[in-house]
Amino acid sequence: MVLEILGALIALIGSLFLLLASIGIIRMPDTYNRMQAGTKASTLGSLLFFLGIGLGHSGLWGKLLVLSLFVLITNPLSSHVLARALHFIGKSPLLVGYDSRDDLADDMNQMEEL
Amino acid sequence: MIVVYILLGLMMLIAAVAAIQMRNIVSAIITAGVVSLIGSILFLLAGAPDVAMTEAAIGSALTTVIFLFAWSRITEQMKTDKKSSEHDSEGGSND
Amino acid sequence: MIKRIIIIITLIGLSFVLLPLFLNMEDAERLSELSQTYVTEGAEELGTANLVTAVVVSYRGLDTLGEVAVLFAATAGVTLLLGTKKKGGSVTDLLEERRGGSELLNTGAALLFPVLLLFGAYIFVHGHLTPGGGFQGGVVIASAFVLLLFIESDREFSHSVLHSLEALSGAAYVLIGLIGLWFAAGFLDPRFLPSGEIGRLLSAGAIPLIYSLIGIKVGSELIGVVDSLRRRS
Amino acid sequence: MITQLLIILGAALILVGFWGVLTRKHIVKIIISFSILDTGIHLIMVGIGYIKDGSAPIIDQEMPVSRLAGNVVDPIPSALVLTAIVIGVAVTALMLSYAVQLYTFYKTVSIEQIKELKW
């Protein structure tokens with residue numbers, strides 16, 4: 001009983017993170033920032049959600065473990081690929097008040113020189 | 001429960017109209033995928049998890065991938081056609 | 001202008017066609033007699049836990065056979081229209097150089113590919129117990145191969161392996177149907193194997209076998225479709 | 001109630017898809033409209049199979065064989081929609097390959113420019 005209430009609370013916190021992620025996707029100024037909000041917050045939110053469900057229903061641990069492994073691999077990977085594609089079509093991130101530093105372009109130049 | 005259905009249905013209709021109205025083809029393809037994704041949630045709520053799974057896997061994932069592959073093939077040909085026609089016109093002017 | 005009026009009239013006519021469907025329908029309180037029979041007797045007769053699978057594979061097995069045939073015809077059409085493109089040639093030097101995937105993508109995809117294959121096989125082997133089945137499992141397997149295309153966009157899949165897998169699984173599907181005709185009540189009747197206990201993996205007669213074959217067939221067909229639709233350079 | 005909602009939503013999607021097919025010029029847009037029309041038809045079919053307060057037709061601990069009748073959704077429309085979706089993707093792929101071939105022959109994606117079949 002206590003475990004179920006704890007699990008429901010954790011799942012609620014996870015869904016709050018998911019809500020934050022979706023608000024971030026609307027509110028952030030440019031695509032890189034949007035992607036960062038969407039990936040980080042939604043990964044944490046889904047993991048917390050799975051943890052909460054696992055505490056409530058103890059029979060599902062195995063499946064939830066596999067699911068969280070999937071989320072942990074695919075979510076950052078897809079965001080990384082999107083950001084890379086965005087960089088290669090020439091969109092630069094919105095940086096106000098910082099010198100624009102582009103590590104990926106430097107790396108690509110080094111690789112071309114090699 | 002009814003409210004959830006109505007909200008999801010409205011989102012679906014808006015996405016469908018947007019997919020047809022959009023000028024950019026890639027955005028239209030992805031919005032059409034969103035229509036299928038919301039449809040799969042509706043199927044899940046209406047007690048048909050098999051159909052929901054199929055719709056999520058096929059309707060929103062594989063169809064989008066196939067559309068994007070075909071569209072990238074068409075745009076690739078467009079690029080080569082444009083380049084070769086420019087090449088032809090340059091050759092014509094030189095003669 | 002006339003065209004627009006015709007379009008509006010067509011849409012209004014279509015909505016009048018769809019209107020009686022809406023007016024005559026309320027939430028049904030109980031099932032129709034045929035589905036009542038399928039639901040109450042299907043579990044005991046065939047031993048499947050997922051009754052949709054019982055309908056797809058056994059009661060309406062002929063429909064599924066026809067559906068697989070339509071899928072084969074469509075795949076053959078796509079391959080006929082697009083598949084005979086010659087590689088190389090003058091197109092390549094006009095294109096800009098293609099970039100491979102990053103190291104993260106390569107590693108992640110190499111890690112995910114076998115897991116996705118296993119997951120697809122899990123879905124179609126457990127088709128009689130949980131939601132899912134041959135079609136969904138086949139699509140998951142096809143998406144694993146799409147992931148491989150993201151790493152290396154000019155990877156070649158062996159067409160002879162795909163075609164022989166598809167042909168063999170289709171032939172085995174019909175063969176199992178004929179075995180059902182011989183040893184059990186009719187074509188595609190799965191009861192020539194013991195039905196076992198509901199909820200076990202090895203139960204429901206030949207249904208897991210048939211659904212696995214459908215999964216392999218759908219998977220290889222969809223890989224063929226994606227392979228012929230992707231861009232060649 | 002839910003049956004009616006699903007049917008009205010499916011009918012609206014069919015109308016939207018049909019409108020797209022009739023008015024758009026771009027061939028890929030027309031194929032997108034066809035896939036939206038498909039989704040509408042699937043929604044109508046699942047809506048017809050819905051039973052009041054029904055859950056999925058799967059036997060487990062909470063849904064033993066004795067409780068099945070009257071508590072589960074009709075499995076036949078689900079099975080039909082399952083096959084319809086798979087056929088839908090195959091037909092979409094066929095239409096797209098025709099679109100690619102039409103572009104290679106006519107060098108245009110607008111169906112207004114393809115006049116061979118007009119009379």
Side-chain angles (χ1 to χ4, degrees), chain C residues 4 6-7 10-11 14-15 18-19 21-22 25-32 34-36 38-40 42-44 48-56 59-60 63-64 66-67 70-71 73-75 77-78 80-82 129-131 133 135-136 138-139 198-199 218 221-222 225-226 228-229, chain D residues 1-4 6-8 10-12 14-16 18-19 22-23 40 44 47-54 56-61 63-66 68-87 89-98 100-101 104:
Chain C
R4 182 165 295 175
I6 291 175
I7 287 171
T10 316
L11 288 184
L14 190 65
S15 52
L18 292 169
L19 195 63
L21 203 64
F22 169 65
M25 265 297 167
E26 299 216 334
D27 282 10
E29 296 283 339
R30 49 195 216 84
L31 296 164
S32 65
L34 181 67
S35 4
Q36 189 79 23
Y38 284 172
V39 165
T40 47
E44 284 148 30
T48 53
N50 184 355
L51 291 164
V52 178
T53 303
V55 175
V56 168
Y59 292 120
R60 299 281 165 149
D63 285 11
T64 310
E67 187 263 334
V70 170
L71 194 62
T75 317
V78 173
L80 186 69
L81 279 171
L82 297 176
L129 303 176
T130 52
F135 302 114
Q136 293 93 328
V139 175
I198 294 176
V218 170
E221 271 166 353
L222 290 177
V225 166
V226 169
S228 41
L229 263 174
Chain D
M1 193 66 197
I2 288 170
T3 303
Q4 283 180 335
L6 286 179
I7 285 178
I8 205 166
I14 288 177
L15 287 178
V16 168
F18 219 80
W19 167 70
L22 289 177
T23 54
I44 285 188
I48 287 174
Y50 186 76
I51 299 289
K52 202 170 187 180
D53 300 325
I58 294 170
I59 300 167
D60 51 11
Q61 285 94 0
M63 184 67 70
V65 183
S66 51
L68 274 178
N71 283 318
V72 295
V73 160
D74 198 343
I76 300 175
S78 298
L80 289 182
V81 175
L82 206 72
T83 52
I85 292 173
V86 181
I87 292 180
V89 72
V91 171
T92 306
L94 195 59
M95 284 196 278
L96 279 170
S97 53
Y98 270 112
V100 172
Q101 285 302 81
T104 38

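Chain letters run A, B, ... following the sequence lines, proteins first and then strands; every chain starts at 1.
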Student: Taking side chain to side chain donor-acceptor pair (under 3.5 Å) as the definition, give me every residue that meets it alongside Tyr98(D), ordered by chain and number, with sequence neighbours left out.
Tutor: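 Listed in chain order: nothing, the list is empty.
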Student: Just so I know, are the side chains of Val56(C) and Phe135(C) near enough to count as touching, which here means a heavy-atom distance under 4.5 Å?
Tutor: yes
Student: Checking Asp74(D) now: which residues fulfil side chain to side chain donor-acceptor pair (under 3.5 Å) with it, not counting sequence neighbours?
Tutor: Ser35(C)
Student: Can you tell which of Thr75(C), Asp63(C), Val52(C), Val55(C) has the highest number of heavy-atom pairs within less than 4.5 Å of chain D?
Tutor: Val52(C)
Student: Can you find a pair of side-chain heavy atoms, one from Thr23(D) and one from Arg4(C), that are under 4.5 Å apart?
Tutor: no
Student: For Tyr59(C), does the OH atom sit with more than 12 other heavy atoms under 6.0 Å from it, leaving out its own atoms?
Tutor: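 Counting other residues, nucleotides and ligands, OH of Tyr59(C) exceeds 12 neighbours.
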Student: If we define contacts as heavy-atom pairs under 4.5 Å, which of Ile8(D), Thr83(D), Ile7(D) has the most with chain C?
Tutor: Thr83(D)
Student: How many angstroms lie between atom CD of Glu67(C) and atom OG1 of Thr64(C), to the nearest 0.5 angstrom?
Tutor: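 So the CD of Glu67(C) and the OG1 of Thr64(C) are separated by 6.5 Å.
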Student: May I ask you to name which of Thr10(C), Val225(C), Leu14(C), Val139(C) has the most heavy-atom pairs under 4.5 Å with chain D?
Tutor: Leu14(C)
Student: Select, from Ile7(C), Ile6(C), Leu222(C), the one with the greatest count of heavy-atom pairs under 4.5 Å involving chain D.
Tutor: Ile7(C)
Student: Ile48(D), Thr3(D), Ile87(D), Ile2(D): which one forms the most heavy-atom pairs within less than 4.5 Å of chain C?
Tutor: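 Among the listed options, the one with the most contacts to chain C is Thr3(D).
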Student: Measure Thr53(C) against the heavy atoms of chain D and call it side chain, backbone, both or neither at under 4.5 Å.
Tutor: neither
Student: Need one label for Glu221(C): side chain, backbone, both or neither, based on atoms under 4.5 Å from any heavy atom in chain D.
Tutor: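 It is neither, since no heavy atom gets under 4.5 Å.
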Student: So what's closer than 4.5 Å to chain D heavy atoms on Leu11(C): side chain, backbone, both or neither?
Tutor: both
Student: So which part of Val100(D) gets closer than 4.5 Å to some heavy atom of chain C, the side chain, the backbone, both or neither?
Tutor: side chain
Student: Do you know the tightest heavy-atom contact between Gly49(D) and Pro77(D)?
Tutor: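 Between these two residues, the closest heavy atoms are CA-CG, 3.7 Å.
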Student: Please look at Ile44(D) and chain C and tell me whether the side chain, the backbone, both or neither of the residue comes under 4.5 angstrom of a heavy atom of that chain.
Tutor: side chain
